Amino acid sequence: MSLLTLTLKSMVSRKLTSALLILSISISTMLFIGIQKITDGAKKSFSHSLSGTDLIIGARSGDIQLLMYTVFRQGKPVANMSWESVMEIKANKNVQWLVPISLGDSHKHFPVLGTNQAYFNHYRYGNKINLKLAKGRPFNTPFEAVIGSQVAQKLNYSLGQNIHLSHGMSKGNLPVHQQHPFQITGILKPTGTPVDKTIHVPLEGITAIHLNWNAQKTKALNIDELNLTPSSITGCLVGLKSKFSIFSFQQTITQWEKEPLMAIIPGVTLANLWRNISTIDTAFFIITIGVTLISFIGLLLGLFLSLQQRKNELAILRLMGAHPRQLSIMLLLESTIITVLSVIFGGILTRIIGWFMHPILEERLGLILNTYAITGTDIYFSLSMVGCGIFIGFIPAVLAYKTGKKEGFISI
Amino acid sequence: MHAINVNHCFFQYNATPPFSIAIDQLTIQASQHLFLEGPSGCGKTTLLNLFTGILLPKDGQISVLGTDIATLTNQQRDRFRADHFGIIFQAFNLIPYLSIAENIALPCTFSSLKRERVLSSHSIEAEVKGLCQELNMDATMLNRPVHELSIGQQQRVAIARALIGQPDIIIADEPTSALDEANKQAFIETLLNECRKRRSTLIFVSHDTSLKHYFNHIHTLSKETSACHY
Ligand SMILES: Nc1ncnc2c1ncn2[C@@H]1O[C@H](COP(=O)(O)OP(=O)(O)OP(=O)(O)O)[C@@H](O)[C@H]1O
Ligand SMILES: [Mg+2]
């Protein structure tokens, strides 16, 4: 029989203690990995979601709020900005391009975003990547829609299908804009950003379904005869001709006379947001370290206890010819087995909990999480966890060695 | 050939009051069965510890199978003990979480000599089975946990464990103290029988004089050889 089997059998004979130790360490593993995944996911999805936009402009509110709803579809806009202002901004000599954004409607819990052709030309994410269509074409007429990859996948939609939009974003049975269906003309490639979960329609389409016309009138009137220019929108993304004008142009927007507007620099606001998250993250991190520390102290205690309980047994092994070194190897093996099992179990636990939490986090916080992939950090972390366990195991192992060597420890 | 030869040996514990033991001359021949007796506290266990190299004499020499054990390093002594001795303790000396079979095979884990001796004829499992048969233990008992055995059965398991791998010297320190009269007789007869078959040296420690008549060689530790200085 090897020392490993001997150790395993001994651990099995002390199942309760071993199991509790494994449980406590796997919970700290789970906390560690979980928190790291969430903050990682937050960091990634926030910084990944928008690039190449110099300013986001909207009605005056909080800068993080504006960012959250224009980019991440989280929260609700307090007020809209008028179309006149939009046109005026677009006409400004500093502005190279402008993408209007109109939010507020949804389709089966997926947000609907009203915009125009400029969106497909100028919206960029990640490392300044443009949106690409997987199938079909951008919208041309008011009642066409381009859907994100997740919308297509989750709702099993294909090109040419007609969809009805609902008013509002909240859950439950929403009043459906039954008036006019939108036809899907394009499906975007996956981006790993909120775009994947968005249904894009022309601003005119949004205006049309909000005009209080009834079904009869719809048939009577020709869409082309109506003025479908929106009176107001949620906000807009702006690209400037020169980066040097960012601050002065931001100033211009802040001092807008017709209505209270604000302009945010996405990167700055992201950093702001990140600072907010970081505080929470640090708090969690400290708690996690505390929990881990406690569980490792538990491990140490458990190993000491095991050493104490097994004195008689270790003496028998010594008499059978076991070298003191072999006794310490057994204790080291024990701590290694416990931490390795804990890390594995903790990983599984993270997955199980991730599986439940995933949709909640994605929906509530708009995070794009990757709880399934094992990253380098996970491996690094797991190894250091095991390293800690082995290190902790050295303390009772050295003690076992000393005890085993001590004259009088064994006697016939 | 001497199994054990003691020459002008003196030993003293580093304790207060210091107990000391002095043996001028003691020779145990190979294959000899020795009954070591003496009143409680006279140092019988201490002497066994000296034989097996667990303790080292402060003065004089103890040679086992021709080797002066004081010349060995700690590790060599551990190995030497594991290789050449089979030890039966007073009681409670089986590992509780191992099965009977695993307990019997345990010495082969730590002594490569014992392991090789067994493997030279057959597998360790076969050896364990054979020993059990010789000791009248049911083969179905082998995979049962230790705590399901009676004390008498446990002591038979201890004999099997001491015998595995053909050690040269079997040492038994008051192995019968927890047994009743009938079990005691059965135990000693089995043990002697097995040692005779294997031509092993046996050193049997007991203060139970009723077992004395089984042995040809008797050594008595007395208060003269050992002393407690208060
Ligand atoms: N590790 C030790 N340190 C100090 N003194 C010890 C130690 N072990 C035993 N002694 C003392 O040595 C003396 C002899 O002990 P030992 O165990 O050898 O006696 P024994 O003959 O085996 O007795 P018994 O028949 O009761 O088992 C006792 O007085 C005991 O107190
Ligand atoms: Mg004794």
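Fair warning: this is a prediction, and the values are worked out from it, not measured in the lab.
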query = Do you know which of R115(B), Q75(B), R77(B) has the most heavy-atom pairs with chain A at a distance under 4.5 angstrom?
reply = Q75(B)
ask   = So which of L98(B), V205(B), I171(B) has the biggest tally of heavy-atom pairs under 4.5 Å with chain A?
value =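 Heavy-atom pairs under 4.5 Å are most numerous for L98(B).
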When you compare the side chain of [Y] with that of [X], does any pair of heavy atoms fall below 4.5 Å?
{"X": "S2(A)", "Y": "T109(B)", "value": "no"}
{"X": "I316(A)", "Y": "R161(B)", "value": "yes"}
{"X": "R318(A)", "Y": "I54(B)", "value": "no"}
{"X": "R325(A)", "Y": "D78(B)", "value": "no"}

How many angstroms lie between [atom1] in [X] and [atom2] in [Y], if you round to the nearest 0.5 Å?
{"X": "L55(B)", "Y": "S411(A)", "atom1": "CG", "atom2": "OG", "value": "7.0 Å"}
{"X": "S13(A)", "Y": "I95(B)", "atom1": "OG", "atom2": "CD1", "value": "10.0 Å"}
{"X": "L106(B)", "Y": "L317(A)", "atom1": "CG", "atom2": "CG", "value": "6.0 Å"}
{"X": "L319(A)", "Y": "T52(B)", "atom1": "CG", "atom2": "OG1", "value": "7.5 Å"}

If you count the non-hydrogen atoms of other residues, nucleotides and ligands that lie under 6.0 Å from [atom1] in [X], is the total more than 12?
{"X": "K402(A)", "atom1": "NZ", "result": "no"}
{"X": "F284(A)", "atom1": "CZ", "result": "no"}
{"X": "F391(A)", "atom1": "CZ", "result": "no"}
{"X": "Y13(B)", "atom1": "OH", "result": "yes"}

task = List the atom of M320(A), the atom of A82(B), and the distance in Å for their closest heavy-atom pair.
result =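 That closest heavy-atom pairing would be O-CB, 3.4 Å.
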query = Which atom pair, heavy atoms only, marks the closest approach of R310(A) to Y97(B)?
reply = NH2-OH, 4.4 Å
query = Using non-hydrogen atoms only, which part of L3(A) is less than 4.5 Å away from chain B: side chain, backbone, both, or neither?
reply = side chain
Under 4.5 Å from any heavy atom of chain A, what part of [X] do you find: side chain, backbone, both or neither?
{"X": "L56(B)", "result": "neither"}
{"X": "D83(B)", "result": "neither"}
{"X": "I124(B)", "result": "neither"}

